[in-house]
Amino acid sequence: MIVATWNVNSLKVRLPQLLDWLAVRCPDVVCLQETKLDAPVFPVQAIEAAGYRVAYSGQKTYNGVALLSREELTDVVCGNPVFPDPQKRLIAATVRGLRIVCAYVPNGQAVGSDKYAYKLEWLAALQRWIGDLLRANPCLILAGDFNIAPDDRDVHDPAAWAGQILCSEPERSAFQQLLRLGLQDSFRLFEQPAKSYSWWDYRMLGFQKNQGLRIDHVLLSDALAARCTVAAIDRDVRKLARPSDHAPVVAEFDAG
DNA sequence: ATGGTAGCCGCGCTA
């Protein structure tokens, strides 16, 4: 079973790339972030025509998340039940007995800003919810754009980014606390190429110079991590014309 | 050189 996460930065613009990538990659489940589309214009038919069921939580202009699955999606929940939030950043569903949570963690803008405080509160509430979910669902996946580079090896220039947004100690601590609930970073279960990143700033030729950060993650509960066989970043997608600034991140495991 | 690029029912904001 292949599970992927991709911040598409506008599903309207990226729909053709998404459909192409689905056809080539054949993932079983896909978590999308920054769809930036509200219900009336969400491309349900195009996604279903590609062979996927879809559940989404959308808003105009900002945020928006969706779950795609080749098999039936049940028990769809939008948002964190213990953290009411008008921003559409979370959607969860069950596929083949796996509970899957798609997350778009707030960016936080700058350390010390109001948006940074919101990010840390949002993450604390996510921990509470995921803890509850793990107790009820041993097979759980938490995937999405975390807007956190967990470690210096996930940062192209750790000295320049030290203490900055996406890399600050409170953010990294929040990430580690999620892992301590019983999740594992699938990407780090395997040997990986040095300088592996999932996001590159559009500006300053960030991708061409591989000035990136690894901020998109597929976290697997311990039971699933034990069955994980492959984890990778589909970096080539970032080379396309008019790309998202994020590449898809993929994990494969024995469905059991 | 405190920049730059992309997306959005935009006229600045978010990333």
Side-chain angles (χ1 to χ4, degrees), chain A residues 5-21 31-44 46 56-66 79 85-91 102-123 126 143-150 154-168 170-172 174-175 197-217 233-249:
Chain A
T5 181
W6 190 11
N7 179 325
V8 292
N9 184 20
S10 170
L11 184 55
K12 180 180 175 182
V13 173
R14 233 65 66 191
L15 181 62
Q17 289 184 18
L18 173 66
L19 297 175
D20 288 348
W21 175 77
C31 301
L32 299 179
Q33 302 86 38
E34 285 205 88
T35 54
K36 299 185 177 179
L37 288 178
D38 203 357
V41 290
F42 200 93
V44 172
Y56 62 91
S57 178
Q59 65 182 90
K60 281 196 292 188
T61 310
Y62 301 119
N63 310 311
V65 286
D85 184 357
Q87 300 187 26
K88 308 298 191 186
R89 297 179 174 278
L90 284 167
I91 187 166
C102 169
Y104 176 44
V105 177
N107 172 281
Q109 195 170 63
V111 173
S113 67
D114 289 348
K115 291 190 176 67
Y116 183 72
Y118 163 66
K119 180 178 193 173
L120 296 181
E121 289 168 14
W122 195 96
L123 284 163
L126 180 66
D145 176 359
F146 286 72
N147 272 313
I148 301 172
D154 303 314
V155 182
H156 71 92
D157 185 346
W161 281 85
Q164 301 298 306
I165 196 66
L166 314 183
C167 300
S168 72
E171 293 166 90
R172 287 178 167 177
F175 187 82
Y197 309 123
S198 67
W199 169 82
W200 301 260
D201 199 305
Y202 283 123
R203 297 166 291 187
M204 315 218 3
L205 301 173
F207 182 69
Q208 289 87 333
K209 297 192 253 183
N210 197 29
Q211 293 179 344
L213 275 66
R214 191 176 70 92
I215 58 176
D216 301 271
H217 310 295
I233 298 172
D234 283 359
R235 190 177 190 282
D236 286 353
V237 174
R238 186 63 171 77
K239 298 175 183 170
L240 298 170
R242 212 176 176 193
S244 168
D245 44 351
H246 296 251
V249 178

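The model shown is predicted, which means the values in this text are computed figures rather than measured ones. Excluded from the calculations below are hydrogen atoms, water molecules and symmetry mates; all remaining heavy atoms, backbone and side chain alike, are included. To find a chain, count down the sequence lines: A is the first, B the second, and so on, and within it residues start at 1.
A/H246 and A/W199 have tilted rings, their planes meeting at an angle from 30° to 60° on a 0 to 90° scale.
Rounding to whole angstrom units, CZ of residue A/F146 and P of B/dA15 are separated by 17 Å. B/dT14 atom C1' lies 12 Å from atom CG of A/N7, rounded to whole Å. Separating the CD atom of A/Q59 from the C1' atom of B/dT14 is a distance of 12 Å, rounded to the nearest angstrom. If you measure from atom CD of A/E34 to atom P of B/dC13, you get 18 Å, rounded to the nearest angstrom. Rounded to an integer number of Å, the gap from CD1 of A/I215 to P of B/dA15 is 11 Å. The separation between A/K60 atom NZ and B/dG10 atom C1' is 12 Å, rounded to whole Å. Remark: P of B/dT14 and CD of A/Q109 are 6 Å apart, rounded to the nearest angstrom. Distance A/L205 CG to B/dA1 P: 20 Å, rounded to the nearest Å.
Residues satisfying the ring-ring contact (aromatic ring centres under 6.0 Å, His included) test with A/F175, not counting sequence neighbours, are A/F146, A/H217. For A/K239, the salt bridge (Lys or Arg N to Asp or Glu O under 4.0 Å) partners at least two apart in sequence or on another chain are A/D236.
Nucleotides B/dT14 and B/dC9 have their P atoms positioned 15 Å apart, rounded to a whole Å. Straight-line distance between the C1' atoms of B/dT5 and B/dG10: roughly 16 Å, to the nearest whole Å. One C1' atom belongs to B/dA15, the other to B/dG4, and the distance between them is 13 Å to the nearest Å. Distance noted for atom P between B/dC13 and B/dG3: 15 Å (whole Å).
For the pair A/N63 and A/V41, both in contact range of DNA chain B, the more 5′-proximal nearest nucleotide belongs to A/V41.
Here A/F207 lies out of heavy-atom contact (under 4.0 Å) with every strand. Using a 4.0 Å heavy-atom distance criterion, A/R238 is classed as making no nucleic acid contact.
Using modelled atom types and a 3.5 Å distance limit, the side chains of A/S10 and A/E34 yield no donor-acceptor pair. Counted by atom type alone, A/D85 and A/W122 present one or more donor-acceptor pairs between their side chains at under 3.5 Å.
Side-chain atoms of A/T35 never come within 3.5 Å of backbone atoms of A/L11 as a donor-acceptor pair (strictly under, hydrogens ignored).
The two residues A/I233 and A/V249 have their closest heavy-atom pair at CG1-CG2, 4.1 Å.
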Polar pairs (N or O, both sides) under 3.5 Å between protein and nucleotides 3-7 of chain B?
from, atom 1, to, atom 2, distance (Å)
B/dG7, OP1, A/R14, NH1, 3.1
B/dG7, OP1, A/R14, NH2, 3.4
B/dG7, OP1, A/R242, NE, 3.3
B/dG7, OP2, A/R242, NE, 3.3
B/dG7, OP2, A/R242, NH2, 3.4
B/dG7, O3', A/S10, OG, 3.3

